[in-house]
Amino acid sequence: MTHLTLKRSKLLIVSFSALFLSSVFAGQALAEDDFAAEGERRAKLAGSELLGTPALQRELTTLAGDTLNLGEFYGNKPVYIKFWATWCVPCRQQMPGFEEIYQQYGDKLQVISVNTGISDDIDSVSAFIKKEGLTMPVTIDDGSLARAFKLRVTPQHFLIDKSGRIAYVGHQDDEAFHQALKEVASGSVADAAPLSGVVAERASGYQLGDKLASLALRSIDDTYHPLPSADQQGKATGLVFFSPWCEWYLVDSEPETAKSCQLVREMVEQSASNSKAQWLHVSTNLWASQAELAQYQTNYHTRLPIVFDEEGTLFGLFGVTQLPTIVYIDESGRITEKVSAKAPDFTERLKSLFNEQ
């Protein structure tokens, strides 16, 4: 991919609104601050309905094997939860400051580092923690925390006051965040009796060999695509779980993943027209919108329908955390293949899948 193509692709990530769409089509370069501001806007928009509400309760297991019970912190101390990913550039930039916050506030604030689990695993996260010298508790999400917190960008901050209410949601490591952090840590936010928040259930999606219940997916062009089920015979279905930024954003931070995303897109597009199955792309809700997905279709000349998993429901239903992931459902509704780019034989299984059709 050339530098100009990469630069243009980066512009597309902010094309959800008329302002940013006009910037893209006019070929205007956007500064890094514009992307940071856009991340802040998305984080606050998604988290706005959470402000003032009871934070979720859940036991978390850290990479060190310790158990953190969120519900037990509420009423005793404030909590700072930060979602991040190893491949996320602003996450990397904020990590030194994140560690400083943990060291500075000590017992005054419970700091919890939550890796999103998207295109990460225990090996990549452990290596990153060691490299960055992080000492705070770290856990890897299975997707359920992200859905409960309405995660839309990385990094994303959540400050929970001593009473257990969500007091702040944001993306940037800026003055507004640090002011909110001081207020929450000092208890200057009005305290109240501890609240009982919702319990975030762990993900338990479909596995290989399972049969689906009836399901119809709506693509961004408002077309419905029924999936076969145990009680309704139908056409086989191939689902490609992806992100519209995988190929260009990860080209430096996760080049192998970027190549896998490109390989899958090209292979599926070439084979779908001769396939007996219906093929659908299912997009993550992380750094994505319907407008950006429409622009993705234009930019990459894709023909297959795209389903926007805006609430993360489908990623949870099929237990998907890796990008890209292929899920194949046969005519009877049984899942006969589920493979992600993390699999050592990913390419071979992908080719075999298309050869068998």
Side-chain angles (χ1 to χ4, degrees), residues 43 46-47 50 55-73 79-88 91 110-129 134 136-158 160 166 197-210 212 215 239-243 246 254 257 282-288 307 309-327 335 337-343 346:
L50 298 177
L56 64 88
Q57 298 190 37
R58 168 80 173 270
E59 282 192 353
L60 306 178
T61 302
T62 70
L63 266 62
D66 299 322
T67 298
L68 301 177
N69 189 324
L70 294 178
E72 291 181 355
F73 295 132
V79 178
Y80 169 28
I81 294 176
K82 179 170 184 169
F83 286 86
W84 60 278
T86 64
W87 42 262
C88 163
C91 297
Q110 179 62 53
V111 175
I112 304 175
S113 167
V114 180
N115 180 273
T116 65
I118 296 293
S119 288
D120 265 323
D121 56 24
I122 191 169
D123 292 334
S124 62
V125 174
S126 298
F128 183 87
I129 291 171
L134 304 182
M136 77 283 290
V138 179
T139 187
I140 300 177
D141 187 25
D142 60 4
S144 58
L145 289 179
R147 286 188 290 277
F149 276 107
K150 298 187 181 298
L151 185 71
R152 293 295 183 272
V153 297
T154 51
Q156 193 161 336
H157 314 288
F158 294 88
I160 303 168
I166 296 177
V198 298
V199 177
E201 300 294 337
R202 295 185 182 276
S204 56
Y206 283 118
Q207 300 299 321
L208 195 65
D210 288 348
L212 271 65
L215 187 64
L239 301 178
V240 181
F241 289 84
F242 83 113
S243 76
C246 178
E254 286 288 338
T257 302
V282 180
S283 172
T284 176
N285 59 8
L286 200 63
W287 285 105
V307 176
D309 191 17
E310 189 167 7
E311 299 301 322
T313 306
L314 294 174
F315 271 70
L317 185 64
F318 288 95
V320 174
T321 59
Q322 304 304 317
L323 299 175
T325 291
I326 307 296
V327 175
I335 298 177
E337 179 63 285
K338 181 180 177 182
V339 60
S340 76
K342 291 287 187 180
F346 175 65

Pairwise side-chain contact, [X] with [Y], heavy-atom cut-off 4.5 Å (strictly under):
| X | Y | value |
| --- | --- | --- |
| Phe158 | Leu50 | yes |
| Phe315 | Asn285 | no |
| Thr321 | Asp142 | no |
| Val282 | Val320 | no |
| Phe318 | Leu239 | yes |
| Pro324 | Phe346 | yes |
| Gln110 | Ile160 | no |
| Val138 | Thr62 | no |

Can you give me the closest heavy-atom contact between [X] and [Y], atom names plus distance?
| X | Y | result |
| --- | --- | --- |
| Ala43 | Val153 | CB-CG2, 3.9 Å |
| Trp287 | Thr154 | NE1-N, 3.1 Å |
| Val327 | Phe241 | CG2-CE1, 3.8 Å |
| Gln322 | Ser340 | CB-CB, 3.6 Å |
| Tyr206 | Lys338 | O-NZ, 3.4 Å |
| Gly117 | Ile140 | CA-CG2, 3.8 Å |

(request) List in chain and number order the residues that pass side-chain contact (heavy atoms from CB on, under 4.5 Å) with Asp141, two or more places apart in sequence or in another chain; answer none if no residue qualifies. (result)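 Expected list: Phe83, Val114, Ser144, Leu145, Ala146.
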
(message) Checking Leu68 against Ile112 for the side chain to side chain contact (heavy atoms under 4.5 Å, CB included) test, could you report, in this order, the C-alpha distance in whole Å, the side-chain angles of both residues, the deciding distance, and whether it holds?
(response) CA-CA 9 Å; Leu68 301 177; Ile112 304 175; 4.0 Å; yes

Can you tell me how far the [atom1] atom of [X] sits from the [atom2] atom of [Y], to the nearest 0.5 Å?
| X | Y | atom1 | atom2 | result |
| --- | --- | --- | --- | --- |
| Leu70 | Glu59 | CG | CD | 9.0 Å |
| Asp121 | Lys342 | CG | NZ | 4.0 Å |
| Leu151 | Ile81 | CG | CD1 | 11.5 Å |
| Glu254 | Cys88 | CD | SG | 11.5 Å |

(request) Under the side chain to side chain contact (heavy atoms under 4.5 Å, CB included) rule, what do Glu72 and Gln57 come out as? Steps first, then yes or no, please. (result) CA-CA 9 Å; Glu72 291 181 355; Gln57 298 190 37; over 6 Å; no

(request) Taking salt bridge (Lys or Arg N to Asp or Glu O under 4.0 Å) as the test, write out the residues that go with Glu337, two or more places apart. (result)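 Here the qualifying residues are Arg349.
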
(request) Report the C-alpha distance between Leu63 and Ser126 in whole Å, list the side-chain angles of each, state the deciding distance to 0.1 Å, and finish with yes or no for side chain to side chain contact (heavy atoms under 4.5 Å, CB included). (result) CA-CA 8 Å; Leu63 266 62; Ser126 298; 3.6 Å; yes

(message) Go through it in stages, so that I can follow the logic: the residues are Leu208 and Ile335, the test is side chain to side chain contact (heavy atoms under 4.5 Å, CB included), and I'd like the CA-CA distance, side-chain angles, deciding distance and then a yes or no.
(response) CA-CA 5 Å; Leu208 195 65; Ile335 298 177; 4.1 Å; yes

(message) I'd like to know if the side chain of Arg152 reaches the main chain of Glu310, judged simply by a donor and an acceptor atom lying under 3.5 Å from each other, with no hydrogens or angles considered.
(response)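 Judged by distance alone, yes, a pair lies under 3.5 Å.
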
(request) Name the orientation class of the two ring planes belonging to His157 and Tyr80 (parallel below 30°, tilted from 30 to 60°, perpendicular beyond 60°). (result) tilted

(message) Using the rule side-chain hydrogen bond (donor to acceptor under 3.5 Å, both in side chains), only one of Asp120, Thr139, Thr86 pairs with Asn115; which is it?
(response)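 By the side-chain hydrogen bond (donor to acceptor under 3.5 Å, both in side chains) criterion, Asn115 pairs with just one of Asp120, Thr139, Thr86: Asp120.
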
(request) Answer with yes or no whether the side chains of Ser113 and Trp84 bring together a donor and an acceptor at under 3.5 Å. (result) yes

